[in-house]
Number of protein chains: 2
Amino acid sequence: MAKVIIIEDDVEIRRLVAEGLADKGYDVDSAASAMEGLEMLVSVRPEVVVLDLGLPDLDGGELLRMVRSISDVPVIVATARDDEDSVVAMLDVGADDYVVKPFSVAQLEARIRAVLRRVGREGHRAPIEVGGLRIDTAAREATLDGEPLDLTPKEFDLLRLLAERAGEVVSKREILAEVWREPYGGSERTVDVHLSWLRKKLGETAQRPRYLHTVHGVGVKLVAPR
Amino acid sequence: MAKVIIIEDDVEIRRLVAEGLADKGYDVDSAASAMEGLEMLVSVRPEVVVLDLGLPDLDGGELLRMVRSISDVPVIVATARDDEDSVVAMLDVGADDYVVKPFSVAQLEARIRAVLRRVGREGHRAPIEVGGLRIDTAAREATLDGEPLDLTPKEFDLLRLLAERAGEVVSKREILAEVWREPYGGSERTVDVHLSWLRKKLGETAQRPRYLHTVHGVGVKLVAPR
DNA sequence: CCCGGTCTTAAGGAGTTCTTGACGTTCCCT
DNA sequence: AGGGAACGTCAAGAACTCCTTAAGACCGGG
């Protein structure tokens with residue numbers, strides 16, 4: 001399973017987390033200091049880093065920047081109490097997610113899995129094509145019959161999800177889980193609204209669909225127009 | 001048999017349900033709090049979760065969202081009294097079914113079985129074919145001799161159920177349980193009406209059946225016409 | 001600090017789908 | 001053949017889902 005490294009100075013927490021994750025099948029290494037963590041990063045090449053803020057030898061933000069300079073590995077920050085400011089700062093510098101101490105191992109694992117899922121999916125693949133639609137996930141660009149579509153982030157994610165599963169009906173709940181993953185969903189109405197906007201940009205209406213077909217009571221599916 | 005976890009703070013109910021289900025052959029674990037439940041979710045990896053609303057440490061909706069962020073495991077919500085609003089909210093956030101307290105173990109087990117049957121079927125991604133009928137469950141499309149059938153949700157579910165068990169007589173009560181998710185209530189007349197509509201769309205009548213044959217006093221079966 | 005773009009939420013209205021009850025027909029059993 | 005139960009169909013209203021618009025919240029940049 002996935003390789004994880006924990007950078008955390010508190011012996012107790014380190015051991016707890018390391019063992020907890022190991023029990024769940026992760027391949028875990030841990031470092032007690034920033035320096036040790038950096039060395040481990042290059043030697044172990046983990047798929048996820050769990051980084052404690054408040055290390056004795058180096059400021060967390062500084063360390064995160066250094067990590068980012070050598071790798072794109074996802075970093076989950078563990079912060080003591082609900083320190084909003086530092087969390088925001090961390091996300092700003094490139095952290096992927098965070099947990100607030102005290103956290104359960106289960107909670108941490110949930111974040112790890114979410115992060116892995118996310119990056120796993122973003123492995124740049126060939127652009128998706130459905131009819132005259134072309135979705136370039138790497139460039140984050142979409143075109144319709146060669147014309148570029150000006151999509152907002154959510155619209156793009158929504159379109160990509162539906163295109164990845166072209167021909168398959170996707171429920172709104174599923175869409176919420178996939179596209180709106182932070183911080184745990186919203187209402188299905190929101191999906192409706194974004195779908196409506198997407199339709200407008202695709203030059204179609206719900207009554208006269210070309211790509212986006214709603215399946216009453218179930219969800220939507222994207223199909224190539226005939 | 002299937003692994004189930006119960007998340008319920010009331011000791012009495014927890015014990016009752018856990019023992020009741022264990023008697024029926026389920027592999028049951030129980031948690032007394034939301035946090036414990038989450039940990040159990042990742043450690044035990046149950047096939048079904050029974051979740052009590054009104055836990056002391058976390059709002060049910062919040063917990064359900066967290067569960068959903070980790071896994072797609074079916075969740076059956078147990079709600080005190082007939083709290084319509086919270087039930088609707090739960091289903092909206094991704095609950096699969098619910099029971100209203102006080103509920104019997106038998107009742108709960110019926111729901112569990114229905115849910116398991118349902119998800120077990122999701123694996124069947126391959127379209128079903130019976131004679132000139134073709135039912136694509138992923139795309140939620142049905143065709144007859146290549147011509148698309150315009151079916152309502154219930155009609156589609158009904159046709160799929162019968163097609164999955166082609167040649168076998170299915171009772172209306174069973175249909176109600178599967179398609180209408182009402183193991184107890186529900187009028188069989190409703191099934192008749194939908195069957196009638198289905199027949200019309202299949203281009204046949206009850207008197208001159210091609211696919212849908214009623215077996216008087218027993219139920220209906222779907223067979224390929226000869 | 002304001003501004004533009006984006007997202008969420010609320011609400012109305014339109015359209016579809018479901019349920020119900022009635023009534024006629026068919027089937028089975030005696 | 002007759003009676004009763006099960007079944008088939010119709011029509012109408014209830015219930016539900018969906019679409020769209022508009023208004024405000026939020027966020028980052030100028």
Side-chain angles (χ1 to χ4, degrees), chain A residues 84-85 87-89 91-93 140 149-159 169-173 175-176 179-221, chain B residues 65 84-85 87-89 91-93 140 149-159 169-173 175-176 178-182 185-221:
Chain A
E84 288 289 345
D85 295 339
V87 162
V88 169
L91 293 177
D92 216 40
V93 191
R140 236 185 138 71
L149 289 169
D150 183 25
L151 303 180
T152 69
K154 284 280 190 294
E155 284 164 10
F156 183 86
D157 289 342
L158 176 55
L159 182 60
V169 180
V170 184
S171 75
K172 290 177 193 172
R173 238 160 50 198
I175 292 174
L176 275 173
V179 178
W180 272 262
R181 52 173 71 94
E182 302 273 10
Y184 307 126
S187 113
E188 297 191 359
R189 299 290 117 251
T190 305
V191 178
D192 286 335
V193 173
H194 284 263
L195 275 174
S196 175
W197 291 338
L198 203 44
R199 273 197 256 251
K200 185 176 286 181
K201 291 182 181 178
L202 291 178
E204 65 179 59
T205 66
Q207 281 71 34
R208 302 194 131 274
R210 295 201 334 123
Y211 288 93
L212 294 169
H213 294 251
T214 118
V215 180
H216 205 282
V218 186
V220 265
K221 65 179 170 183
Chain B
R65 269 187 283 267
E84 287 290 343
D85 293 339
V87 163
V88 169
L91 293 177
D92 211 46
V93 190
R140 219 148 209 286
L149 291 169
D150 184 25
L151 303 180
T152 70
K154 285 278 193 295
E155 284 163 11
F156 183 88
D157 290 342
L158 177 54
L159 181 60
V169 181
V170 184
S171 76
K172 291 178 191 173
R173 192 118 301 276
I175 292 174
L176 276 173
E178 287 288 325
V179 177
W180 272 260
R181 301 197 185 182
E182 296 191 13
S187 148
E188 299 191 357
R189 210 103 324 275
T190 304
V191 178
D192 287 334
V193 173
H194 284 265
L195 275 173
S196 172
W197 291 337
L198 204 44
R199 273 196 256 253
K200 183 177 287 182
K201 291 182 182 178
L202 291 178
E204 65 180 58
T205 66
Q207 283 71 33
R208 301 193 130 274
R210 297 205 327 129
Y211 287 93
L212 294 168
H213 296 252
T214 118
V215 181
H216 200 95
V218 187
V220 265
K221 66 178 172 184

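Chain letters run A, B, ... following the sequence lines, proteins first and then strands; every chain starts at 1.
In terms of phosphate contacts, A:T152 brings a side-chain nitrogen or oxygen within less than 4.0 Å of OP1 or OP2 of C:dC7. Between A:H194 and C:dT8 there is a side-chain N or O to OP1 or OP2 distance below 4.0 Å. Put simply, B:K200 has a side-chain N or O that comes within less than 4.0 Å of OP1 or OP2 on D:dC10. Taking side-chain N and O atoms only, A:S196 has no distance below 4.0 Å to OP1 or OP2 of D:dT21. Close to C:dT19, at under 4.0 Å from its OP1 or OP2, lies no side-chain N or O of B:R189. The phosphate of C:dT19 has OP1 or OP2 within less than 4.0 Å of a side-chain N or O from B:W180.
Atoms CG (A:L158) and P (C:dT6) sit 15 Å apart, rounded to a whole Å. Atom P of nucleotide C:dT9 and atom CD of A:E188 are separated by 13 Å, given to the nearest angstrom. Atom CZ of A:R208 is separated from atom P of C:dA14 by 20 Å (rounded to the nearest Å). For A:L151 and C:dC7, the CG to P distance is 10 Å, given to the nearest whole Å. Across the protein-nucleic acid pair, B:I175 atom CD1 and C:dT19 atom C1' stand 16 Å apart, rounded to whole Å. Separating the CG atom of A:D150 from the P atom of C:dG4 is a distance of 17 Å, rounded to the nearest angstrom. The separation between A:Q207 atom CD and D:dC18 atom P is 14 Å, rounded to whole Å. Atom-to-atom, CG of A:L176 to P of C:dC7 comes out at 14 Å; the value is rounded to the nearest Å.
The A:R199 side chain lies nearest to D:dC19 when the options are C:dG21, D:dC19, D:dC7. Among the nucleotides D:dG8, C:dT19, C:dG15, the one closest to any side-chain atom of B:D192 is D:dG8. Across C:dT20, D:dG8, C:dT17, the shortest atom-to-atom separation from the side chain of B:P153 is found for C:dT17. Ranking D:dC18, C:dT26, D:dC19 by closeness to the A:H216 side chain, first place goes to D:dC18. When the nucleotides D:dC7, D:dG8, C:dT9 are ranked by their closest atom to the side chain of B:K172, D:dC7 comes out on top.
Using a 4.0 Å heavy-atom distance criterion, B:T190 is classed as a base contact.
Side chain of B:K201 to main chain of B:D150: a donor-acceptor pair is present (N/O by atom type, distance under 3.5 Å, no hydrogens or angles).
In this structure the side chain of B:T152 never reaches within 4.5 angstrom of the side chain of A:H216, judged on heavy atoms. Contact check for A:K154 versus A:V191: no side-chain heavy atoms found under the 4.5 Å cut-off. Inter-residue side-chain proximity for B:L202 and B:R199 is flagged as unmet; no heavy-atom pair is nearer than 4.5 Å.
Results of the side-chain hydrogen bond (donor to acceptor under 3.5 Å, both in side chains) test with B:K172 over B:D192, B:T214, B:T190 single out B:D192 as the only residue that passes.
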